[in-house]
Student: 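Handing you a structure now.
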There are 2 protein chains.
Amino acid sequence: MVTSEQVARLAGVSRATVSRALNGSPRVSAEARKRIEEAIVSLGYEPDVVAQSLVRQRSRTIALGLFYGDQKSTVLSSISKTQHYFYLDLLRDVEQEIAAAQYDLLLPSISYAQKNYIRSLQMRHVAGTLAIAMHPADERVRALLEAEIPTVFIDSLNQGKSSTYVTSDNQDGARQATEHLIQLGHRRIVTLMSGTAGRIGPLRQAGYRQALQRVGLPIDEDLMYTSGWNTEEAYQATLLLLQERRPRDFTAIVVGSDLMAIGVLRALHQHGLHVPGDVSVVGFDDVDLCRYTEPPLTTIRQDRSAMVQGAVQRLIRMIESDGEYDESMLAPIIIPTRLITRASTGPVPESS
Amino acid sequence: MVTSEQVARLAGVSRATVSRALNGSPRVSAEARKRIEEAIVSLGYEPDVVAQSLVRQRSRTIALGLFYGDQKSTVLSSISKTQHYFYLDLLRDVEQEIAAAQYDLLLPSISYAQKNYIRSLQMRHVAGTLAIAMHPADERVRALLEAEIPTVFIDSLNQGKSSTYVTSDNQDGARQATEHLIQLGHRRIVTLMSGTAGRIGPLRQAGYRQALQRVGLPIDEDLMYTSGWNTEEAYQATLLLLQERRPRDFTAIVVGSDLMAIGVLRALHQHGLHVPGDVSVVGFDDVDLCRYTEPPLTTIRQDRSAMVQGAVQRLIRMIESDGEYDESMLAPIIIPTRLITRASTGPVPESS
DNA sequence: CTGAAAGCGCTTACAG
DNA sequence: CTGAAAGCGCTTACAG
């Protein structure tokens, strides 16, 4: 293996100088710098990042945390179930951004060992953590909120002494979805989303309420259904809804996520209901699958790129500020959402 | 930070002894071991893995490589496009298995820097690499095949001096799909898959041929269509197919992947064709989405867990054998596939 | 601007 | 069975 020692020898300087040149210190003469660079190229030298991490007491590695409630689950295991394709799309951006910033992304094997979670991260000398907490009260989330490790939560509203979050404007998104339906003439609008997990559901419910209130429509709590954030549960919940209510009693559904909407479409379809002829459906997220559902899904787009860019850039600022955070650095980042109109929404049925 | 020094002091031994106890050396007295263990617990000590990596010249980290052809793409960016949900499901298992073996999973930020790819991995002291090569001739794949880093390729047929692969029995899968259709009475069966990329497509085409030959059916090369491995291209290819041929000229399609099949279903649907009334469709992979397509998709299940378990266990054996491979260690692992019958296949239409 | 020296936290022959 | 010492490949005050 080529070490800095060999580079130093070839360039006729000490290892200290090589190190300085490598790290862009101004205290290196032009000639020395030049010789060192040549030596690096001719030897194909690349610094040993492990040694660097040890001496700097910090690696260029960002850990990914994904807390799904199930304490034993690893990061991706929480994510690649059908219901979480949205997060997957998000992870793609995460990796991209982190790579662009020259950090490695680490999926530590200790996600489940909550007790020593923080310590394990420390022993790996991770520079920071990017966390997605789908479950509100995971012990690891708590630990992270109190730890010194710079952390940005994506899509879950957690703030701590070294942590903050980025999220979509969930309330406004649901407001747009609902207003869109109101403009199409709908008055009896069902909403289907999780009423609890992670405070996201309630925010979206609030947006729904807000839209109705704005136009003076009554809020019928009975139209607010709940289910888990996945295709299957949404499917089941819709079957239930269809047992309880006859068509025309409602003409549209605002759904908590696109993948849930797929379950909704399936249930409607099974009952011989047409979308949007009988019932209009709006999703949330704008997963790329939306274009291939039958019919293609009107939805609220979350600007994933903006979320992730915001998260990663903030995280890196936090890391590089060495724990000296000013106010602005711990302020949450809220990303606007917008309506994408496709074929699953239409005018309210005539007869109603 | 708690170091081994402090543990040693508290236990009244030297750091060397602590290290031995930690690493399960037999050359530690029972009493010493006991005192050390107590000290570890009471101090909450955990070894510094970075320091360990440096001195051992090897970390407990496995790098993930995903080579998509596009040289600049990072690991997940290649994977989370719609067409690769299958790989995502696979990654879930990868992380799980690797975590179970107490290794961390690393997505290095250098995937695009092909030149120094190997060197970068070495400088990170990765123990091994798990690679998914969707593109046949990526430079990094070549480099990996010649490097000393233990590597297992998943789903791409590469063998090198320190590398081997695991894959499904692709040919047999396509054979099962085709035979299933033949048993339902189909005679004019279209196949739609990539004829080139990664040798997987051709293997599946071979399975298709094999099934026809077994029952003495003629092979009509004109029925063998090709497209990229994604929903959109499969959709387009099917539109083309429907321009060229009238229904009844073919009554079934064996598709290269489930996500492609979604595009196929959409195109058929758009032309007013019923599945399976007019055309039967079989996918490949058994992504969990299959249950929610309209109609639910008959497909060939790849046993992802078995693939990943095979890959990870082999990789770890390779790592722990320290470069001393016997024959069996570099032998490819082939995993059986099987037909999952759902609603997208049925008897050949009466009138044909 | 530069080098010698100390040190990051561990492991591992070596000697006892 | 145990400890003193060297060493993994870097960085960084310190002194010049």
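From a predicted model like this one, the values you see are computed outputs, not experimental measurements. Chain letters run A, B, ... following the sequence lines, proteins first and then strands; every chain starts at 1.
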Student: Any idea which of dG3(D), dT2(C), dC10(C) is nearest the Thr17(A) side chain?
Tutor: dT2(C)
Student: In whole angstroms, how far is the P atom of dC1(C) from the CZ atom of Arg35(A)?
Tutor: 14 Å
Student: In plain terms, say whether Glu38(B) and Lys34(B) are close enough for a salt bridge, that is, a side-chain N and a carboxylate O under 4.0 Å apart.
Tutor: yes
Student: Leu43(A) CG to dG9(D) P: how many Å, rounded?
Tutor: 15 Å
Student: Round to a whole Å and report the spacing from CZ of Arg27(A) to P of dT12(D).
Tutor: 12 Å
Student: Strictly below 4.0 Å: does Tyr45(A) bring a side-chain N or O up to OP1 or OP2 of dG9(D)?
Tutor: no
Student: Go nucleotide by nucleotide along DNA chain D from the 5' end; which of Val55(B) and Val28(B) gets its closest nucleotide reached first?
Tutor: Val28(B)
Student: If I pick the C1' atom on dG16(D) and the same atom on dT12(D), what distance separates them, to the nearest angstrom?
Tutor: 16 Å
Student: For Glu31(A) and for Leu54(A), locate the closest nucleotide of DNA chain C by heavy-atom distance; then report the residue assigned to the nucleotide nearer the 5' terminus.
Tutor: Glu31(A)
Student: Suppose we define a pair by two distances each less than 3.5 Å, Watson-Crick or G-U wobble; what does dA13(C) pair with here?
Tutor: none
Student: Between Ser14(B) and Ala8(B), which heavy-atom pair has the shortest distance, and what is it?
Tutor: C-CB, 3.7 Å
Student: Whole angstrom is fine here: how far is it from CZ in Arg20(B) over to P in dG9(C)?
Tutor: 21 Å
Student: Using OP1 and OP2 only, check whether a side-chain N or O of Gln57(B) sits under 4.0 Å from dG9(D).
Tutor: yes
Student: Hunt down the Watson-Crick or G-U wobble partner of dA4(C), both distances under 3.5 Å, from any strand shown, or write none.
Tutor: none
Student: For a quick check of understanding: with a heavy-atom distance under 4.0 Å over all strands, which category does Val13(B) fall into, base, sugar-phosphate or nothing?
Tutor: sugar-phosphate
Student: Salt bridge or not for Arg142(A) and Glu146(A), using N-O below 4.0 Å?
Tutor: no
Student: Would you say Gln52(B) places a side-chain N or O within less than 4.0 Å of OP1 or OP2 belonging to dT11(C)?
Tutor: yes
Student: Give a yes or no answer on whether the side chain of Arg140(A) reaches the backbone of Gly65(A) with a donor-acceptor pair at less than 3.5 Å.
Tutor: no
Student: For the pair made of CG in Asn23(A) and P in dA13(D), what is the distance, rounded to whole Å?
Tutor: 12 Å
Student: Taking OP1 and OP2 of dC10(C), is either one under 4.0 Å from a side-chain nitrogen or oxygen of Ser4(B)?
Tutor: yes
Student: Under 4.0 Å between a side-chain nitrogen and a carboxylate oxygen: does that hold for Arg124(A) and Asp104(B)?
Tutor: yes
Student: Rounding to a whole Å, what distance do you find between Glu5(A):CD and dA4(C):P?
Tutor: 10 Å
Student: Rounded to whole angstroms, how far apart are CZ on Arg15(B) and P on dA5(D)?
Tutor: 11 Å
Student: As a test of reading the structure: which of dT11(C), dG3(C), dT2(D) is closest to the side chain of Ser29(B), going by heavy atoms?
Tutor: dT2(D)
Student: Quick one: which of dG3(D), dT2(C), dC8(D) gets closest to the side chain of Ala16(B)?
Tutor: dG3(D)
Student: Consider the side chain of Asp48(B), meaning its heavy atoms from C-beta on, and name the nucleotide among dC10(D), dT2(C), dC10(C) that approaches it most closely.
Tutor: dC10(C)
Student: Between atom CZ in Arg56(B) and atom C1' in dG9(C), what is the gap in whole Å?
Tutor: 12 Å
Student: Considering only NZ, NE, NH1 and NH2 on the basic side and carboxylate oxygens on the acidic side, decide whether Arg199(B) and Asp155(B) come within less than 4.0 Å.
Tutor: no
